[in-house]
Amino acid sequence: MSALTKWSRKRSIWVFHVNAASCNGCDIEILAALTPRYDAERLGVQLVGSPRHADVLLVTGTVNGMTKDVLKRVYEQMPEPKLVVAVGACALGGGVMKGCYNVGHGIDKVIPVNLFIPGCPPRPEAILYGILKLVGEEPKGKVVVSDKVEKQSDVVTREEVEPPVGQ
Amino acid sequence: MDVLQVVEILVFPGLTFFVWLAFVFDWLDRKTAARMQGRVGPLVAGPHGILQPVADFFKLTTKEEIVPEYSDKLVFEWGPPLFFAAPAVGTIFIPVISLSAIISNPYDLLFILFVLAFSTLMAAMLGYASAGRYSTIAIGRLVVQYTGFEVPLIISIVTPAILAKSLSIEGIVGAQSGYWFVFIAPISFGVFIIAALAELEKAPFDIPSAKTEIVAGWMTEFSGEALAYIKLTKNLSYVFLSALGASLFLGGSNGPILTHIPILQDLLFSSYFLVKLFAVGFLIFAIRTALARIRIEQATRVFWTILTPLSLLQLSIVIALR
């Protein structure tokens, strides 16, 4: 891969956002990452309307029977190279719905996931940090995480996720 | 056609120069919009993010190109270069470094009108060829909008031609030595800017590419290299229409100070042109950021009942004054 390709992929990240049965909490935080205070556009991040234009699939919510097929189709519609980011505790492993009979237990049971961003919901800084990590960019500056948020983030990590009950 | 002319067409002030301007326009557009919304805008790619459109372009060219199963393969694959050709050919007729364009003939304004119509036609063909639901809806809207903005656009372009008694852009630019035509035909300039917004699918006339309604308009099914060229073409059209507005109404490369030193004169001409080009560009950036989208029937009503009579009024005033 040439240096130009590497550079352009690092600097231009077009994101398609899928809400797979989320409570809208994470979606609001993703929206906040695009607003003047955080402004993801300065890093080259753009929210696009069509999966055909996207490089990164941003998935929130605990994927259930209704959204499972939609999520798969959206993933298959994206052109290569594509990356998937799971945002929020529900997307990681079920979150507060963990163990329920009617929800899935994590996006990675449906489509391959490249990066998990924990939190319920994760802060906009965390989402930006995650996206930068994803493209191999070492984020500069200090990442401010308060104690409360750190605790929240610890609610579900990958190690803690157990196999879903009844499957 | 000698070697120098080929270099002029391909490098400066022809294709390469205008493609560079297209990237700069995209960056300025995003930066202006961001500043007006209280954001920073592109920042990381290059100094002040000026390489952001370049990064977007090269990233798209390296991506996989998906061809939908039911699409018209021929148009889907060969349409984007043709779409790119329309504004690329049109820019050759704009005078930049002197009062004469690279290629010029007495009737090139008619060719410009053909280029503008061909651009919309190619967009419609690309949208239909991709055979997507959203593309089809978008093309329906695009064609309805086209029937609205084409008539006022043509009338407002013809007005400076009547004032200059010439159908070539060169002649129109040359006729604005004393005064700019925007002072004699201000309504035409306004109508031209509004029609240009509709041609470029910018707010408040971004109805055919409404992001919140029909995904990405007629571009929905395109990916990879085709999308890269479509985006570049849209930015090139942006530059082309701004350059046309600057040349027809603001005097283009014609300016107050003229010398006889060859290189200095070229620099002066091109700086006059660039200042006017960016002035028209900023006008369009500001309008498209400040206004919200209107509905398709509102747009048609605006064009047919307000802008067409206004441009006809301006045309009759100009003919009476002549």
Side-chain angles (χ1 to χ4, degrees), chain A residues 1-18 31-57 70 73-83 124 128-129 131-132 134-141, chain B residues 26-27 30-31 33-46 48-69 71 130 132-135 138 206 209-228 230-231:
Chain A
M1 200 159 56
S2 71
L4 182 68
T5 311
K6 254 184 200 165
W7 172 81
S8 63
R9 282 181 185 170
K10 204 187 267 185
R11 290 285 181 245
S12 163
I13 310 153
W14 290 6
V15 176
F16 183 73
H17 170 217
V18 174
L31 210 62
L34 301 169
T35 49
R37 189 174 171 84
Y38 300 101
D39 192 21
E41 201 189 357
R42 68 203 154 93
L43 309 168
V45 177
Q46 238 184 336
L47 206 63
V48 292
S50 167
R52 293 238 197 270
H53 302 183
D55 310 308
V56 173
L57 186 65
V70 177
R73 278 191 67 176
V74 167
Y75 177 72
E76 281 158 9
Q77 278 177 352
M78 284 171 63
E80 293 281 353
K82 51 191 168 187
L83 297 166
L128 289 180
Y129 183 85
I131 286 176
L132 281 180
L134 182 75
V135 294
E137 178 89 344
E138 200 50 50
K140 283 179 212 146
Chain B
D26 191 16
W27 173 72
R30 288 171 68 171
K31 206 74 177 172
R35 286 290 162 85
M36 283 177 77
Q37 292 166 356
R39 291 186 291 122
V40 186
L43 189 70
V44 187
H48 294 278
I50 196 164
L51 295 177
Q52 187 62 53
V54 184
D56 285 346
F57 180 80
F58 280 111
K59 181 213 64 183
L60 282 173
T61 53
T62 59
K63 282 195 75 120
E64 181 194 4
E65 200 174 335
I66 298 170
V67 180
E69 198 180 344
S71 65
S130 58
R133 290 180 187 84
Y134 298 114
S135 317
D206 58 341
S209 55
K211 209 174 180 179
T212 44
E213 294 168 19
I214 44 174
V215 183
W218 54 269
M219 290 174 282
T220 304
E221 299 294 329
F222 287 91
S223 59
E225 216 166 333
L227 184 67
I230 287 171
K231 293 252 175 201

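Reminder, nothing fancy here: chain letters follow the sequence lines and each chain counts from 1. Computed from a predicted model, the values in this text were never measured in an experiment.
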J.: Going by the rule side-chain contact (heavy atoms from CB on, under 4.5 Å), which residues pair with A/A40 if we only count those two or more places apart in sequence or in a different chain?
T.: A/L34, A/V45, A/L128
J.: Where is the tightest heavy-atom contact between B/R39 and A/P36, given as atom of each residue plus distance?
T.: CG-CA, 3.5 Å
J.: Can you find a pair of side-chain heavy atoms, one from B/E65 and one from A/P79, that are under 4.5 Å apart?
T.: no
J.: Atom CZ of B/F57 and atom OG of A/S8: how far apart are they, to the nearest 0.5 Å?
T.: 11.0 Å
J.: By a 4.5 Å heavy-atom criterion (distance strictly below it), what part of A/L43 contacts chain B: side chain, backbone, both, or neither?
T.: both
J.: If only atom types and distance count, is the side chain of A/R9 paired as donor or acceptor with the main-chain N or O of B/T62 below 3.5 Å?
T.: yes
J.: With a 4.5 angstrom heavy-atom cut-off, which part of B/Q37 approaches chain A: side chain, backbone, both or neither?
T.: backbone
J.: Taking side-chain contact (heavy atoms from CB on, under 4.5 Å) as the definition, give me every residue that meets it alongside B/V54, ordered by chain and number, with sequence neighbours left out.
T.: B/F23, B/L51, B/F58
J.: Counting heavy-atom pairs under 4.5 Å to chain A, which of B/T61, B/L60, B/L43, B/V40 comes out on top?
T.: B/L43
J.: Would you say A/Y75 has more than 12 foreign heavy atoms packed within less than 6.0 Å of its OH?
T.: yes
J.: Taking A/E80's backbone N and O only, do any of them form a donor-acceptor pair with B/K63's side chain (distance below 3.5 Å, no angle check)?
T.: no
J.: Just verifying a value: how many Å separate B/E64 CD and A/R52 CZ, rounded to the nearest 0.5 Å?
T.: 9.5 Å
J.: Hey, are the side chains of B/R30 and A/Q46 touching, using non-hydrogen atoms and a 4.5 Å cut-off?
T.: yes
J.: Minimum heavy-atom separation for A/H53 to B/T220, with atom names?
T.: NE2-O, 3.6 Å
